[in-house]
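Take a look at the structure below.
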Protein chains: 2
Amino acid sequence: MVEGIKPIGAKSMAEQVELSLRDYFAKKSFKPGDAIPTELELAAALGVSRNVVREALSRFKMLGIIESKKKVGMIISNPDIVGTFEKVLNPTIMDTATLQDLFELRLALEVGIADLLFIRKTEADIDELEAIAANETRGDFFRISNEIAFHGKLYEMTGNETLKNFQKLLLPIFGYVVKLEKEKQVSGKVSHKDLVKLLRKGDKEAFKKGMLAHLQPHYDRLKAHR
Amino acid sequence: MVEGIKPIGAKSMAEQVELSLRDYFAKKSFKPGDAIPTELELAAALGVSRNVVREALSRFKMLGIIESKKKVGMIISNPDIVGTFEKVLNPTIMDTATLQDLFELRLALEVGIADLLFIRKTEADIDELEAIAANETRGDFFRISNEIAFHGKLYEMTGNETLKNFQKLLLPIFGYVVKLEKEKQVSGKVSHKDLVKLLRKGDKEAFKKGMLAHLQPHYDRLKAHR
DNA sequence: AAATGTATTTTGTACTACAATTGAACAAAA
DNA sequence: TTTTGTTCAATTGTAGTACAAAATACATTT
């Protein structure tokens, strides 16, 4: 076995075209709505078959970076970043290290959104959150869905759409990692109701500490694990 | 104009095949390394041309979900989620609302990683961080690259590879939003050196407050803006 | 003027053909 | 026996043609 020798990169034409188009779009500084050349023009310009061009274009279409209409042609459009993220976030094929990383990322967010929360929160929001927290004591199945509802509402309250959708994506990861660790989900010492109270009171520092305490079991596991 | 009638979903074959394959992979619970049927088999099973199948497969290849070798066929592989994210993160075509959202997301992370930081930090890390902080006072260009180095090191110290790469991706967003707001980048009242001191001392609460103070100008802008 | 038909352009799909790669099997040689 | 070379076959990769489908522009009819 020969060490330290890497196989030469044999990029497919489709991939090369993808990169080439990326450069082209950047160089032309296209904005959403701008038209791009036809498939045939691109194929001719790049010296490849229309087939290859279409394989590359298909990639951009998946990302939502370009849209196409018959007869009209293709235009740039703004991509759906969260939707794209969803496409690769498949717990069953992701390696456990990355899953763990994402789990930690979500933990960090959970604590980090507190400042946004206190900027954007409204009384109506807190009312709703309180109603969710009121249902905290239930069976195991309901507890999990309640947990999701509560934290989901918190993200929603930040008024940050991307963040909210992002969190929704990370949910399955959360469940998966917890299951992976075979640990019975154990709650921290601070309940949802406690958190609502702190939020209502407007005590940001106390809320942050409370949230951390709420998540403490997870952090404890991290500390012991790695 | 006829109301209340939605155009029939005209998904392209390639898109339908993509979805279909997604289901198939999930149902079969494929793991990285597992072989999938050949292009011809898929085309026959789905009742479409090989062409269409290849356009769909091209998408998966971009995400790193499948790899192909001539003669051998195709296998599932674990996707590069950060790399995928990079492909859609193009500040020039993203709408400003999403850019703003991502900016906030990064702010939240910056504060939220403190707990991970205190679990994983080492003296050697802090030494390095201190060295970076020592160069804080310089010209404008250097100040920005120093800023990047400092915060980058912080993410690195979390021992979370995904987080680190994720932050690296968000950097251009950060720069872009700041420029967009036409605001001269102004520092908070807590310097990098101060943060290092707090980190060294091991005072987590103080560090968190310090970090927030460091980022305060950004939060102030948010408060005023929306 | 408004509806309708027609031509044309561009994307979407299908099919064929062949090149390139590579694993496998087997043969030849050291 | 182990290595090296050769041939074969299977599968992906690329090219090209043909035609269907949609949508625009324009002409025609009413």
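Below, chains carry the letters A, B, ... as their sequence lines are ordered, and counting in each starts from 1.
Mapped onto DNA chain D by nearest heavy atom, A:R50 and A:A14 fall at different nucleotides, with A:A14 at the one closer to the 5' end. Comparing A:G47 and B:L40 against DNA chain D, the residue whose closest nucleotide sits nearer the 5' end is B:L40.
The interatomic distance linking A:Q16 (CD) with D:dG13 (P) rounds to 13 Å, in whole Å. Atoms CE (A:M13) and P (D:dG16) sit 11 Å apart, rounded to a whole Å. What separates CG of A:L57 from P of C:dT10 is a distance of 15 Å, to the nearest Å. Whole-Å rounding puts the B:M74 CE to C:dT21 P distance at 19 Å. Protein atom CD1 of B:I75 is 15 Å distant from nucleotide atom P of D:dT11, rounded to whole Å. Between B:F60 atom CZ and D:dT12 atom P the separation is 15 Å, expressed in whole Å.
Checked by distance alone, A:N51 brings no side-chain donor or acceptor within 3.5 Å of a matching partner on the base of D:dG13.
For A:K61 and B:E18, the salt-bridge test fails: no basic side-chain N is under 4.0 Å from an acidic carboxylate O. A salt bridge does not link B:R50 to B:E55: none of the charged nitrogens lies less than 4.0 Å from a carboxylate oxygen.
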Identify each atom pair where a protein N or O and an N or O of nucleotides 24-27 of chain D are less than 3.5 Å apart, giving names and distance.
none

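Within the 4.0 Å cut-off from OP1 or OP2 of D:dT14, not a single side-chain nitrogen or oxygen of A:S49 is found. A close approach under 4.0 Å does not occur between any side-chain nitrogen or oxygen of A:S12 and OP1 or OP2 of D:dT12. Here A:R54 does not reach the OP1 or OP2 of C:dT11: none of its side-chain N or O atoms lies under 4.0 Å away. Between D:dG13 and B:S68, a contact under 4.0 Å exists linking OP1 or OP2 to a side-chain N or O. An OP1 or OP2 oxygen of D:dA9 is reached within less than 4.0 angstrom by no side-chain nitrogen or oxygen of B:K70. A sub-4.0 Å separation between OP1 or OP2 of D:dG13 and a side-chain N or O of A:K11 is absent.
Under a 3.5 Å cut-off, the side chain of B:D34 and the backbone N or O of B:K31 do form a donor-acceptor pair.
A:R59 CZ to A:L21 CG: the interatomic distance, rounded to the nearest 0.5 Å, is 11.0 Å.
Applying the ring-ring contact (aromatic ring centres under 6.0 Å, His included) test to pairs two or more places apart or on separate chains, those with a residue in residues 108-127 of chain A are A:F118-A:F207. Applying the ring-ring contact (aromatic ring centres under 6.0 Å, His included) rule to pairs touching residues 60-100 of chain B yields A:F85-B:F85, B:F25-B:F60, B:F85-B:F166, sequence neighbours excluded.
Within 6.0 Å of atom CD in A:E39, more than 12 heavy atoms from other residues, nucleotides or ligands are found, so the atom counts as buried in its surroundings.
In the set C:dA14, C:dG12, D:dT14, the nucleotide with an atom closest to the side chain of A:E55 is D:dT14.
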